[in-house]
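To keep things clear, I will list the structure first and then write my remarks on it.
Values below: every heavy atom of this structure, side chains too, minus hydrogens, waters and symmetry copies.
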Amino acid sequence: MHIGNARSALFNWLYAKHTGGRFLLRIEDTDRERSTEASVQVIFDSLDWLGLHWDGEAVFQFTRAPLHRAAVDRLVESGHAYRCYMSPAEADAAKEAARAEGHALRSPWRDRAPGPAQQGAPHVIRFRTPNDGETVVEDLVRGTVRFPNKDLEDFVLLRTDGTTIYNLAVTVDDHDMGVTHVIRGEEHLSNAGRQTLLYRALGWEVPVFAHLPLILGNDGGKLSKRHGAQSVGEFRQMGYLPEAVRNYLAKLGWGHGDDEIFTDEQAIAWFDLVDVVKGGARLDFDKLNHINQHYIRQADDGRLTDLVVEILLGRGIKLPVDFAERVGRAIPLVKDGAKTLPDLADLTIFALQPRPYPLEEKARGLFTGETTARLERLTRTLAEETDWTAPALASRLKSFAESEGVGIGKFGPALRAILAAGASAPDLAGALAALGETESLGRIDDALSQVR
């Protein structure tokens, strides 16, 4: 699911919640080759992960094909559509000729009745676009958009194989589903003119249109693979939380003053389509990382533990039997420094290193005779501690330093080298708490046995 589609879904969801309306989901699956069960499931999974839950059952467009064809029949009967027997090659030539004359395609079958030769012949059904005037779309984002009718061709409604085209199907479905507001990307703006013509020809009320600006790369160009992630699944794999993605996507084309971070409840209360901007919004991963870091800090530790455990298992690295418990103890102590979930997983690695861990050559230089003797005394002191929480351990380290008549800096670097085991680690008390008593004392003993 492209991130632009996700942003459109979010704006629909926000507007529905803001106005007390309903957020509807329709799967446009008339292209049977592309609309596989797996591709449809991606849509469901993406929306579910984003927390954008729709109202009622999802509607599958393909199942409504008889209703689409019935609408085409109505348009033929009312004179708003006609059968066109041009071959594809003839249609291409007619388009070129029409373009040379300064207008869009008008089929010769527009005003010609089929004869015996056309009986059973393959044909399409085209909409009879007015020759004169203009079709006006009042768009909540774009303002008044005018389409000269001469520039709108007699577009196909029904193909030779009996399937209806996109513009006809969505017009019928939107009407039957009671859609009042169509909120979508600006690439659909050209369709709004054709759909407006269809609504009026069928005698239906035209919904309100709002066409959202494009999401651009950070260089202002059209979003592409060179800019990084493009799909919801990719953002998920990169370790962004859904609430952070919701918050960030809401700011792409809409905003509320200088507010960078806001809750769903605030976004729902503030959101209005009239505040959506026309200009393209640039995808900025630095801002997304900043917002994601905030939500990681706010997230439940148990939830983060489950997510990090999943990441670590996926890396295929050797993990201790009790690694999940160690991760759970480390998360609250290190999460403030993580911008993404893989970052957070990296920050727990210190607690997962297998024993015995060989001291690095640089670390060995920290172990003078005096420091080694002091760490042996610290081991005995730590063994007396009954409360292995970070605050209690911080107090114990402070008291030990005072009893030794030195600052923590006299033994802290060596102790950190032991506890971190070559990885990033929190402060000394945090590292001890995350590792637990048995692992902490075991690592200290392992290290001292290498330098004695």
Side-chain angles (χ1 to χ4, degrees), residues 24 26 28 30-31 59 61-86 91 94-95 98-99 101-114 118 122-140 142-184 186-211:
L24 306 180
R26 183 173 67 240
E28 296 178 347
T30 52
D31 185 337
V59 173
Q61 192 168 71
F62 182 74
T63 64
R64 295 177 45 79
L67 298 172
H68 303 153
R69 287 192 285 271
V72 174
D73 292 340
R74 279 185 55 192
L75 291 168
V76 172
E77 291 168 5
S78 65
H80 289 96
Y82 61 92
R83 290 175 173 80
C84 173
Y85 294 87
M86 285 194 296
K95 287 180 182 179
R99 191 175 298 117
E101 294 173 4
H103 60 80
L105 171 67
R106 295 292 184 265
S107 169
W109 289 98
R110 178 184 173 101
D111 301 308
R112 183 195 304 179
Q118 282 73 48
H123 63 278
V124 299
I125 294 180
R126 293 182 181 274
F127 185 78
R128 193 187 303 273
T129 303
N131 283 322
D132 303 317
E134 58 185 13
T135 299
V136 179
V137 174
E138 297 295 343
D139 189 279
L140 287 183
R142 305 285 155 184
T144 300
V145 182
R146 302 179 184 276
F147 297 93
N149 289 331
K150 71 180 184 63
D151 296 334
L152 297 174
E153 71 174 32
D154 284 4
F155 52 93
V156 173
L157 300 177
L158 195 73
R159 301 182 183 93
T160 55
D161 63 1
T163 59
T164 52
I165 57 94
Y166 167 82
N167 281 309
L168 184 283
V170 298
T171 298
V172 174
D173 291 347
D174 282 351
H175 169 266
D176 292 353
M177 293 171 68
V179 171
T180 57
H181 291 71
V182 177
I183 307 168
R184 58 194 181 185
E186 69 173 33
E187 66 272 18
H188 286 286
L189 182 58
S190 61
N191 290 323
R194 299 181 183 90
Q195 290 163 16
T196 297
L197 286 171
L198 288 171
Y199 274 106
R200 290 172 180 165
L202 290 164
W204 297 337
E205 183 177 352
V206 181
V208 176
F209 289 107
H211 289 87

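When the side-chain contact (heavy atoms from CB on, under 4.5 Å) test is applied to Asp111, the partners found at least two apart in sequence or on another chain are Arg128. Under the rule for a side-chain contact (heavy atoms from CB on, under 4.5 Å), the partners of Asp161 that lie at least two apart in sequence or sit in another chain are Arg159, Thr163. Partners of Val136 according to the side-chain contact (heavy atoms from CB on, under 4.5 Å) rule, which considers only residues two or more places apart in sequence or in another chain, are Glu134, Glu138, Thr144, Arg146. Annotation: ring-ring contact (aromatic ring centres under 6.0 Å, His included) contacts of Phe127 (sequence neighbours excluded): Phe155. Take Arg200 and apply the salt bridge (charged side-chain N to carboxylate O under 4.0 Å, His left out) test, not counting sequence neighbours, and it matches no residue.
Under the 3.5 Å distance criterion, with hydrogens and angles disregarded, no donor-acceptor pair is assigned to the side chains of Tyr166 and Asn191.
Atom CH2 of Trp204 and atom CG of Asp174 lie 10.0 Å apart (nearest 0.5 Å). To the nearest 0.5 Å, atom CE of residue Met86 and atom NZ of residue Lys95 are 8.0 Å apart. Within the model, atoms CG of Asp73 and CD1 of Ile125 stand 6.5 Å from one another, a figure rounded to the nearest 0.5 Å. Between the CG atom of Asn167 and the OG atom of Ser190 there is a distance of 8.0 Å, given to the nearest 0.5 Å. Atom OH of residue Tyr82 and atom CZ of residue Arg126 lie 6.0 Å apart, to the nearest 0.5 angstrom.
A heavy-atom distance below 4.5 Å is not found between the side chains of Val206 and Val137. Annotation: side chain of Arg112 is not in contact with side chain of Gln118 (no heavy-atom distance under 4.5 Å). A heavy-atom distance below 4.5 Å is not found between the side chains of Thr129 and His103. In this structure, the side chains of Val179 and Leu24 come closer than 4.5 Å at one or more pairs of heavy atoms. The side-chain heavy atoms of Val170 and Gln61, taken from C-beta on, include a pair separated by under 4.5 Å. Between Cys84 and Val156, the closest side-chain pair of non-hydrogen atoms is not below 4.5 Å.
Between Asp154 and Ser107, the shortest heavy-atom distance links the atoms OD2-N, 4.0 Å. When all heavy atoms are compared, the tightest approach of Asp132 to Asn149 is O-ND2, 2.7 Å. Minimum heavy-atom separation, Ala81 to Leu157: CB-CD1, 3.8 Å. When every heavy atom of Glu153 is checked against every heavy atom of Arg106, the shortest pair comes out as CA-NH1, 3.6 Å. Heavy atoms only, all atoms of each residue included: Trp109 and Pro114 are closest at CZ3-CA, 3.8 Å. Residues Pro130 and Leu197 share a closest heavy-atom pair of CD-CD2, 4.0 Å.
Around atom CZ of Phe62, no more than 12 heavy atoms belonging to other residues, nucleotides or ligands sit under 6.0 Å away. Within 6.0 Å of CD in Glu101 there are more than 12 heavy atoms belonging to other residues, nucleotides or ligands.
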Side chain to side chain contact (heavy atoms under 4.5 Å, CB included) assessment of Arg74 paired with Val172:
CA-CA 12 Å; Arg74 279 185 55 192; Val172 174; over 6 Å; no

Run the numbers on Leu202 and Leu75 for side chain to side chain contact (heavy atoms under 4.5 Å, CB included), then give the verdict.
CA-CA 7 Å; Leu202 290 164; Leu75 291 168; 3.7 Å; yes

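Screening Glu187, His188, Arg184 for a side-chain hydrogen bond (donor to acceptor under 3.5 Å, both in side chains) involving His211 leaves a single residue, Arg184.
Every pair passing salt bridge (charged side-chain N to carboxylate O under 4.0 Å, His left out) that includes a residue from residues 61-71 is listed here, sequence neighbours excluded: Arg64-Asp173, Arg64-Asp176.
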